[in-house]
Amino acid sequence: MAIPSTKVAAPISFTDRKILVIDDMPDMRTTMRNQMQALGIMNVSLASNVREALSYISQRTYDVILCDYYLGGSTDGQQFLEYLRTSNAISRATLFIMITAETGFNSVITAAECMPDDYLLKPFTGETLKIRLERLLERKARLAAIDRLQDQGAWPEIIKACDDIIASKDKYVVDAMRIKGNALLMLQQTEQAINFYQNALKMRDMPWAKLGLARALKFKGEDEQASHLLENIIDDNPRLLAAYDLLGKIHSDAGDAEKALHVLDNACKIAPHSLARQRSIASLAESTGDYERVDKALSVVVKQTRNSPLRDPIDFAKLTNALTETGELERAVDVLKEAKEHFKENAEVKMLAAYEAVAQSHLGNKELAKKALDLALADDGDNLSEASKLALAKACLAQNRAEEAREILKSVVQNNPDSNKVQAEIASIYKDHGGDEIAQHLIESSVKEVINLNNEAVQKARAGHYAEASSMLTEAALRLPNNLQIVSNAALSILMDIFTNGYDSEKSIRAKQFQDAVFKQNNLYPKLAEINAFQIKIQAKYKLEIKA
């Protein structure tokens, strides 16, 4: 491997930097502010908890966030960072530095799901802080253009910018290589990504490159090869938690929930406080009917996010469902009571009402069950999740509102026409309300209706009526956002309409939204290649219009 350039970087200026310090100890906040001021940084915000920190972050952009790991509440610094990164609350240009006492460093560093930019061990001097900030800010300055492009999702431009750094052979070559590999995957350039990671590993053994190769192999559909590689990665690097998550997903996608749970359980032994992983465990356990395990995982999540902006109403809803299934009805109602005190948005209220209607029906509280069901069924345009719709259908059947249950379940089937899991859940729902025959008829008729709609639109497209076909499929795709056949055909028909009838920016945006929705749910979906090819044809035909 070529020796990186040792070119001396320009001195780092601190005077115009904006810093956010998060620590529950007033003395520590004061000490860090004094250290910052000694470096010439006067623009320092101080937060004592996650809520205050989020308020600051919503109002301005910070160059550096210094966050203590133990924040004195149920939510820790690592969970906060996980939330900030996954919700895109901060840009890649913002440095996040985790602060912890030396005695807790090992447990903190192994719990890193979303890696902070660096760690600082207490106690530290102003000089230590200065040296660390200089190094990190220099790196950020070198990668600033790439960070901006990543925030925009401009993957082709990211690859070019990374290639420029790689060609320069400076000390940020490996950073650029890691970013380039991810960009290749985001562009679905799977073969190029595989070759890239294999060449990187010829330079030296780098765990991130092995993990990237495993991701690329999974994208290609080589799940068995990817699994073997991930098992080797875990053996060699047992604290590389992303490897566990990817291996768990491979097992889950293959329908082996028990294997997936075993892998995630092993990861939890290393990092027990990951909210994302506990939620994954709950979802997998729910798919196998292991509601006691759902209870165990989500009770942890609810406890750790209590009185925190990181709490999520879906956690409460799924926990309620698990408790209802295990017969802990009073506890289910208590969970809902707590949830209703915190979640006031209309969609949240409706979702929770759907689960309350089921629990109250099981308790025999007819009036409360009816009140909750009427609230959940209120037609005001809000969409419920699939799980909430299933709960709502259960409540309808429990209250002899069979037609409303049928319409709800019809929507669920049409959104997931190939899901054996959904079909099994519908059969279970009808077990005490007509049995398998009614469930099977509903499933078959619902699927047939969508097939007929899709076929009619395809015939219109073949006859050259692209605008009409795209209009039909767009309406269907907005109604059935999880039906990949409908959504992908909607994207394709819109692109055909644009190619034939003239460029339209609004239609182009809609087609891209549908394309992205398919990719997010299944990056290997066969129609994506055809959609990508049509996008290229349109860009070539309407180059001037697109630039304008």
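Below, all heavy atoms of this structure are taken into account, side chains as well, without hydrogens, waters or symmetry copies.
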Out of curiosity, [X] [atom1] to [Y] [atom2], how far, rounded to the nearest 0.5 Å?
X      : Y      : atom1 : atom2 : result
Thr94  : Leu84  : OG1   : CG    : 9.5 Å
Asp245 : Ser274 : CG    : OG    : 7.0 Å
Asn489 : Leu484 : CG    : CG    : 10.5 Å
Arg293 : Thr326 : CZ    : OG1   : 15.5 Å
Thr320 : Asp334 : OG1   : CG    : 10.0 Å
Leu246 : His251 : CG    : NE2   : 10.0 Å

query = What closest approach, in Å, do Gln79 and Leu310 show between heavy atoms, and which atom pair accounts for it?
reply =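 Heavy atoms of Gln79 and Leu310 come nearest at O-CD2, 3.5 Å.
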ask   = What heavy-atom pair brings Ala354 and Ala376 nearest, and what distance separates the two atoms?
value =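 Closest pair (atom of Ala354, atom of Ala376, distance): N-CB, 3.7 Å.
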Any side-chain heavy atom of [X] sitting closer than 4.5 Å to one from [Y]?
X      : Y      : result
Phe514 : Ile531 : no
Ser280 : Lys249 : no
Lys371 : Asp374 : no
Leu373 : Arg401 : yes
Glu530 : Leu492 : yes
Leu375 : Val349 : yes
Ser91  : Asp147 : no
Tyr197 : Leu211 : no

ask   = Run the salt bridge (Lys or Arg N to Asp or Glu O under 4.0 Å) check on Lys296 and Asp290 step by step: do they pass?
value = CA-CA 10 Å; Lys296 181 180 177 181; Asp290 187 349; over 6 Å; no
ask   = Any Lys/Arg nitrogen of Lys520 or Asp516 sitting under 4.0 Å from an Asp/Glu carboxylate oxygen of the other?
value =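 No, Lys520 and Asp516 are not salt-bridged.
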Pairing of Glu325 and Lys394 as salt bridge, 4.0 angstrom limit =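 A salt bridge links Glu325 with Lys394.
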key: Results of ring pair (Phe, Tyr, Trp, His ring centres under 6.0 Å) for Tyr525 - residues two or more places apart only   =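 Partners of Tyr525 by the ring pair (Phe, Tyr, Trp, His ring centres under 6.0 Å) criterion come out as none, since no residue qualifies.
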key: ring pair (Phe, Tyr, Trp, His ring centres under 6.0 Å) partners of Phe519, counting only residues at least two apart   =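 Listed in chain order: nothing, the list is empty.
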request  = Check the pair Asp256, His262 against side-chain contact (heavy atoms from CB on, under 4.5 Å), reporting the backbone distance first and the verdict last.
outcome  = CA-CA 10 Å; Asp256 196 335; His262 177 71; over 6 Å; no
request  = Any ring pair (Phe, Tyr, Trp, His ring centres under 6.0 Å) involving residues 403-447? Give me the pairs, sequence neighbours left out, ordered by first then second residue.
outcome  =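 Qualifying pairs: none.
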key: Residue pairs involving residues 343-368 (criterion ring pair (Phe, Tyr, Trp, His ring centres under 6.0 Å); sequence neighbours excluded)   =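 The answer is Phe316-Phe343.
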Show which side-chain atoms of residues 217-229 pair as donor or acceptor with protein atoms under 3.5 Å away, not counting sequence neighbours.
unit_1, atom_1, unit_2, atom_2, d
Lys218, NZ, Asp253, OD2, 3.1
Lys220, NZ, Glu191, OE2, 3.1
Ser227, OG, Asp223, O, 2.9

Side-chain donor/acceptor of Asn415 to backbone N/O of Asn482, under 3.5 Å =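 Yes; judged by distance alone, with no hydrogens or angles, the pair exists.
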query = Within the side chain of Asn532, is there an N or O that forms a donor-acceptor pair under 3.5 Å with the backbone of Leu528?
reply =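 Yes, because the side chain of Asn532 sits within donor-acceptor range (under 3.5 Å) of the backbone of Leu528.
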key: Criterion side-chain contact (heavy atoms from CB on, under 4.5 Å) on Val294 and Leu319, from CA distance to verdict   = CA-CA 7 Å; Val294 176; Leu319 178 56; 5.8 Å; no
Atom CD of Glu437: over 12 foreign heavy atoms under 6.0 Å =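 No.
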More than 12 heavy atoms of other groups within 6.0 Å of Glu407 CD =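 Above 12, so yes.
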Just jot down the salt bridge (charged side-chain N to carboxylate O under 4.0 Å, His left out) partners of [X], sequence neighbours excluded, or say none.
X      : answer
Asp504 : none
Asp295 : Arg331
Lys340 : Glu356
Asp164 : Lys160

task = Could you list all the salt bridge (charged side-chain N to carboxylate O under 4.0 Å, His left out) pairs where at least one residue sits in residues 449-470, not counting sequence neighbours?
result =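 Found Lys410-Glu449, Lys460-Glu468.
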Listed once per pair and sorted, the salt bridge (charged side-chain N to carboxylate O under 4.0 Å, His left out) pairs that draw on residues 473-498, sequence neighbours left out =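 Salt bridge (charged side-chain N to carboxylate O under 4.0 Å, His left out) check on residues 473-498 returns Asp497-Lys507.
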inquiry  = Checking Gln515 against Gln535: is there a side-chain donor and acceptor pair closer than 3.5 Å?
reply    =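 Result is yes, a qualifying pair exists.
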request  = Assess whether side-chain contact (heavy atoms from CB on, under 4.5 Å) is satisfied between Asn483 and Asn416, documenting all intermediate values.
outcome  = CA-CA 6 Å; Asn483 188 315; Asn416 306 273; over 6 Å; no
Less than 3.5 Å apart, which donor and acceptor atoms pair up between the side chains of residues 177-187 and the rest of the protein, not counting sequence neighbours?
unit_1, atom_1, unit_2, atom_2, d
Lys180, NZ, Asp163, OD1, 2.8
Asn182, OD1, Arg215, NH1, 3.2
Asn182, OD1, Arg215, NH2, 3.3

ask   = Is the Phe499 ring parallel, tilted or perpendicular to the Phe534 ring (thresholds 30°, 60°)?
value =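 Aromatic pair Phe499/Phe534 classed perpendicular.
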query = Taking it one step at a time, do Ile486 and Gln414 satisfy side-chain contact (heavy atoms from CB on, under 4.5 Å)?
reply = CA-CA 10 Å; Ile486 291 292; Gln414 291 182 341; over 6 Å; no
